[in-house]
**Q** 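Structure provided below as structure tokens; questions to follow.
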2 protein chains.
Amino acid sequence: MSRVVDESTAAPGQRPDGILSPLLTVDSVLFTYHERLLKILLVKRSVEPEAGKWGLPGGIVDVAVDSDLQATALRKLVDKTGIAPTYLDQLETIGDRLRDPRGWSVTVCYTALIAHQACAYHVDTVSDVRWIALNKMRHLRLAFDHRELIKKAQERMRQRALYSILPGYALPELFTLGELQHLHELLIGKALQKRSFRRRIEQAGLLVDSGQKRQEQGRPAALYRLRNKSLSYRFVRNLEG
Amino acid sequence: MSRVVDESTAAPGQRPDGILSPLLTVDSVLFTYHERLLKILLVKRSVEPEAGKWGLPGGIVDVAVDSDLQATALRKLVDKTGIAPTYLDQLETIGDRLRDPRGWSVTVCYTALIAHQACAYHVDTVSDVRWIALNKMRHLRLAFDHRELIKKAQERMRQRALYSILPGYALPELFTLGELQHLHELLIGKALQKRSFRRRIEQAGLLVDSGQKRQEQGRPAALYRLRNKSLSYRFVRNLEG
DNA sequence: TCCTTTAGTGACTAATAGACACTTATATAT
DNA sequence: ATATATAAGTGTCTATTAGTCACTAAAGGA
């Protein structure tokens, strides 16, 4: 059985089986912690639509290359940073008629974390890629609905900071509890009690002291390392409201 | 310009702009609570692929009809139940080369909740749609990766039951705390302390007593109704492990 | 030596969940 | 009428964990 399909009016894309198939892209909000700031990776778009604006690292799913959606996300991130992120997690999928001027389109959005040092060199050598501090994004021109995606990723990370130490993946392999706490404070938007924070980390047995020390000012701090299992802990009182 | 396309061999679809665009579908795991059981809505597939197996209510995104992804989910659910679910939330998007024999395909999966009575008549009158109790699904033949999707939806609902009273949307508009607690126990897989459960509900001010009573056996129970805001509460100790 | 800075701890208080026995209100059986 | 069964709902003590904050510890620099 076959039937006639008119290509000239078929937009967005029409599959040979007669099904109108929207454009499918994958985008990632890649966070890192650097110089006491929370930053995300943005790419300056050089092609239309939205040329000249900043956008999330991502692109069209290539069914000839990518085995699954996450592979697309990874491929695009490695392309921009030179390295795979240490954490990658699906955030949400947005798909409608209005978000892309070309018509009905879908983006599967991921949240990712990486240590700044791990990709600093690669990012510095590529002109269209930059780490942007989250508190300096207000006046930036962003492509499509990417500002909304970033906001959602931020909220997701905030929840993670409340109930887990997963944000630690935005730090180097070895880090101090002071660094981890500050990162959590940036995500949560509120100062935390040092005593409570340390207690949670220790009680859950989530981190391993590696014996070494590091300092910039004041007493040297113990260095910790993330363990792969049980990254989540319990509940934090009095953080909401 | 037009052309003839052979439907039988066309997979996956090629867009007019030359981009290979995977098949995009939306599926929903619709939960309800009925006769002290947790049930989900399944549809017996009549067409290939996977004809004769049970699958989730869903289907292909129609860019000519649906304004966004959630609209597709709603359209398919209304088609099977005669009514829109009271709760609908995106779960996860799965996309790879292997999940559908036709080739690279993507499904945006939703979790949904509805009161059983609200759609009992419509579901009973349609022969290919059935409510299946979750504990009686083991020997059912399920299409594609739908068993995995159901498992993920179940885990998501379990988390919701731990930290919110959102599962209440699977109950009728007026319900007793006994019913809500039993539903939570089914989701969590563990008996809950009556005192603690009631305390959480009351403390958070999440429910409104409507003054009426209902009973089958024993003392009549007060009826409660969900409020739209602040459905989540805090932490439940001792439920893990 | 003292001051500054940051790391890390001791110890009390406050808040909340767990446990479980108790009372209350209804239907039904004798 | 009374007893019994059943489920709703409460009183209250205990256990656990978070909040608070003052304290000590360990470094560098003036």
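These numbers come from a predicted model, not from an experiment. In the text below, chain A, chain B and the rest are named by the order of the sequence lines, each starting its count at 1.
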**Q** Give the rounded distance in Å between these two atoms: CD of A/Q193 and C1' of C/dA7.
**A** 16 Å

**Q** Measure distances between side-chain N and O atoms of B/R195 and base N and O atoms of C/dG18, and say whether any donor-acceptor pair falls under 3.5 Å.
**A** no

**Q** Assign the ring pair B/F197 / B/H184 to parallel, tilted or perpendicular, where the plane angle (0 to 90°) is split at 30° and 60°.
**A** perpendicular

**Q** Between A/A143 and A/R45, which heavy-atom pair has the shortest distance, and what is it?
**A** CB-CD, 3.6 Å

**Q** Write down the distance between CG (A/L192) and P (C/dA7), rounded to a whole number of angstrom.
**A** 14 Å

**Q** Which pairs with one or both residues in residues 211-223 of chain A pass salt bridge (charged side-chain N to carboxylate O under 4.0 Å, His left out), sequence neighbours excluded?
**A** A/E179-A/R214

**Q** Give, for atom CZ of A/R156 and atom SG of A/C109, the distance between the pair rounded to the nearest 0.5 Å.
**A** 9.5 Å

**Q** Check DNA chain C against residues 213-221 of chain B and give the residues with a non-hydrogen atom under 4.0 Å, in numerical order.
**A** B/G218, B/R219, B/P220

**Q** Which salt bridge (charged side-chain N to carboxylate O under 4.0 Å, His left out) pairs, counting each pair once, include a residue from residues 162-175 of chain A, with sequence neighbours left out?
**A** A/E173-A/R225

**Q** Whole Å only: how far is the CD atom of A/E179 from the C1' atom of C/dG8?
**A** 16 Å

**Q** Atom CD of B/E185 and atom C1' of D/dA7: how far apart are they, to the nearest Å?
**A** 13 Å

**Q** What is the distance from CZ of A/R199 to C1' of D/dA18, rounded to the nearest Å?
**A** 6 Å

**Q** Separation of B/I201 atom CD1 from D/dG9 atom C1', in whole Å?
**A** 14 Å

**Q** Is the backbone of A/L113 close enough, under 3.5 Å, to the side chain of A/T86 for a donor and an acceptor to pair up by distance?
**A** yes

**Q** How many Å lie between CD on B/E202 and P on C/dT16, as a whole number?
**A** 15 Å

**Q** Provide, to the nearest angstrom, the distance between the NZ atom belonging to B/K194 and the P atom belonging to C/dA17.
**A** 18 Å

**Q** Does A/R198 have a side-chain nitrogen or oxygen under 4.0 Å from the phosphate oxygens OP1 or OP2 of C/dG8?
**A** yes

